[in-house]
Amino acid sequence: MNLTLKIWRQPHTRAKGKFITYRLDDISPNCSFLEMLDILNEQLIGNDEEPVAFDHDCREGICGMCSLYINGRPHGPDDAITTCQLHMRKFRDGATIVIEPWRAKPFPVIKDLIVDRTAFDRIIQEGGYISVHTGGAPDANSILISKEHADLSMDAAACIGCGACVAACKNASAMLFVSAKVSQFALLPQGKVEANDRVKKMVAMMDELGFGNCTNTYACEAECPKLISRSNIARMNREFICAKVS
Amino acid sequence: MTVSFLQFSSITKKIWMALLGLFLMVFLVVHLGINLCLLRADDGQWFHEAAHFMGTNYVVKIFEVVLFAGFIFHIILGIILQLKNWLSRPVRYRISNRSVTPFLSKYMIYTGGIILIFLIIHFMNFYFIKLGWVKSPVPLLEGGEPDFYQGARWLFEQPFYSILYIVLMAVLAFHLNHAFGAAFQTLGLEHNSYTPWIKGFSTAYSILIPLGFSIIPLYFLIFS
Ligand code: FES
């Protein structure tokens, strides 16, 4: 495959960035998107140029590190997928691919396509945990949990915190992420103890960091690689109302 | 008041937005009911009675204040929320978003803005006349009250105004279509069994109410 890449290049956070166009020839359609960028970087290094900085880690769709806004969609032109799982066969030969970093006020660009997603960690620090004493594991049946709730909680816990929801949302809202984290605990008895405090604090931090408001457009759900459902947002709203009135 | 509004959390603002929106939707049904009296061939007798009741009943008068407050806060909150949304992405994308989303959901602030302009025109044509701020284009009733039946006829017999009115009703339909379901989601009222019904009701409501309003100018245009 022969490709034209338009890639956002920005040396550091405060520098002014711009798009640079690269030509890349003879790429196998079986290459993953990140491998394609690796090939580009090898060529750049060979030419004594600065390679393109982009995030990645596991490269197997489980860590949430890879990002990239590709041709108008976070993680590119496929559903329920991370960028590391995207393959070049999803593009046509001769395609022009525009690659941008996640754009949101709380996600400043560190370099090129890498953004700082510490904002998510700060939200988690506000209550995305349960406080338990360490010690021997309690008997599995001592706290009964319905299968339905266990499943819903596990579905919410599938969130890998990649930030595609924020990147896709026209308001750069983090509601899907925060609601997944609130839900995974709120659905279980162990999480209920701190539920009220958790939802209030996490929402307050989300607002403080400058994420936008949800306008129920659901681009987040459409782009989530882990298929986190919008029903988590409704649950968080419920949790929030209950926490406020109780 | 506005200052404390700003301090509300994003979800609190949205909850108020949703509650006020639902309240305004109930009002639209009442308003439509009164407007449909215009269609009766009784020279406005029913319409005058309804308008008289709305203008004099104390419970209605209290609701009038609540209604105005509802409109104002719904608008102010909408603007505040939207400004924050714009600010949360200071650098825009080169390629605009191609995610598959419900089309109308992206334009609420714009449809809302158009409805606000309509509301101002509407006030000039009716409410401000009642307050005496604007002169009535048609003669007053015997008791010195404005004649809104003739006023409405006068407006709707002008093709430009009627067509503008119908176009604005279409915009209202777009606004309502997303608003109803979104309000339930914001209030956390989401359920596998009920949400499809809410969606269906939302579609029906958003078509029927603006359609009901549009029938009136069409009637006057055709039969005048
Ligand atoms: S690199 Fe880990 S999910 Fe893509």
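More than 12 heavy atoms of other shown residues, nucleotides or ligands fall within 6.0 angstrom of atom OH in B:Tyr205. Within a 6.0 Å sphere centred on CG of A:Asp121, other residues, nucleotides and ligands contribute more than 12 heavy atoms. Crowding of B:Phe174 atom CZ: a count of heavy atoms from other residues, nucleotides or ligands under 6.0 Å not exceeding 12. Other residues, nucleotides and ligands contribute only 12 or fewer heavy atoms inside 6.0 Å of the OH atom of B:Tyr194. Remark: A:Lys90 NZ is loosely packed, at most 12 non-hydrogen atoms of other residues, nucleotides or ligands lying under 6.0 Å away. For A:Arg14, the CZ atom is loosely surrounded, since the number of other residues' heavy atoms within 6.0 Å does not exceed 12. At most 12 non-hydrogen atoms from other residues, nucleotides or ligands lie less than 6.0 angstrom from NZ of A:Lys6. A 6.0 Å sphere centred on CZ of A:Arg122 holds no more than 12 heavy atoms belonging to other residues, nucleotides or ligands.
A distance of 10.0 Å separates OH in B:Tyr107 from OG1 in A:Thr217, rounded to the nearest 0.5 Å. The CE atom of A:Met236 sits 4.0 Å away from the CD1 atom of B:Ile11 when rounded to the nearest 0.5 Å. The CG atom of B:Asn85 sits 6.0 Å away from the OG1 atom of A:Thr215 when rounded to the nearest 0.5 Å. Atom-to-atom distance recorded for A:Tyr69:OH and B:Arg94:CZ is 13.0 Å, nearest 0.5 angstrom. Here A:Arg73 contributes atom CZ and B:Ser99 contributes atom OG; the two are 6.0 Å apart, rounded to the nearest 0.5 Å. For the atom pair CZ (A:Arg230) and CD (B:Gln185), the distance works out to 7.0 Å, reported to the nearest 0.5 Å.
The closest donor-acceptor contact from the side chain of B:Lys84 to the backbone of A:Phe211 lies under 3.5 Å. Although no hydrogens or angles enter the test, the distance criterion places no donor-acceptor pair under 3.5 Å between the side chain of A:Tyr218 and the main chain of B:Pro102. Although no hydrogens or angles enter the test, the distance criterion places a donor-acceptor pair under 3.5 Å between the side chain of B:Ser88 and the main chain of A:Asn171. Distance alone, capped at 3.5 Å, is enough to place a donor-acceptor pair between the B:Lys14 side chain and the A:Cys214 backbone. No donor-acceptor pair under 3.5 Å is formed between the side chain of A:Asn213 and the backbone N or O of B:Ser10.
Heavy-atom distances place both the backbone and the side chain of B:Leu81 under 4.5 Å from chain A. With a 4.5 Å cut-off on non-hydrogen atoms, B:Thr195 does not touch chain A at all. Only the backbone of B:Leu87 comes within contact range of chain A, with at least one heavy atom under 4.5 Å from a heavy atom of that chain. Both the backbone and the side chain of A:Arg103 come within less than 4.5 Å of a heavy atom of chain B. With a 4.5 angstrom heavy-atom cutoff, B:Thr186 touches chain A via backbone and side-chain atoms both. The contact between A:Ala219 and chain B is made by backbone and side chain atoms together, counting heavy-atom distances below 4.5 Å. Contact of B:His191 with chain A is not made at all, since no heavy-atom distance falls under 4.5 Å.
Per-residue counts of heavy-atom pairs under 4.5 Å with chain A were compared for B:Arg89, B:Met108, B:Arg98, B:His178; the largest is that of B:Arg89. Chain B forms the most heavy-atom pairs under 4.5 Å with one residue out of A:Val98, A:Val109, A:Leu209, and that residue is A:Val98. Top candidate by heavy-atom pairs under 4.5 Å with chain B, chosen from A:Ala222, A:Pro74, A:Ser173, A:Gly212, is A:Gly212.
Proximity to chain B among residues 76-89 of chain A is not found for any residue, judged by heavy-atom separations below 4.5 angstrom.
Residues B:Asn97 and A:Lys170 fail the side-chain proximity criterion, which asks for heavy atoms closer than 4.5 Å.
Taking all atoms of both residues into account, the shortest heavy-atom contact from B:Ile95 to A:Glu100 is N-OE2, 3.1 Å. The two residues B:Glu190 and A:Ala234 make their nearest non-hydrogen contact at CB-CB, 3.4 Å. Nearest heavy-atom pair, B:Leu187 versus A:Ile241, reported as atom, atom and distance to 0.1 Å: O-CD1, 3.6 Å.
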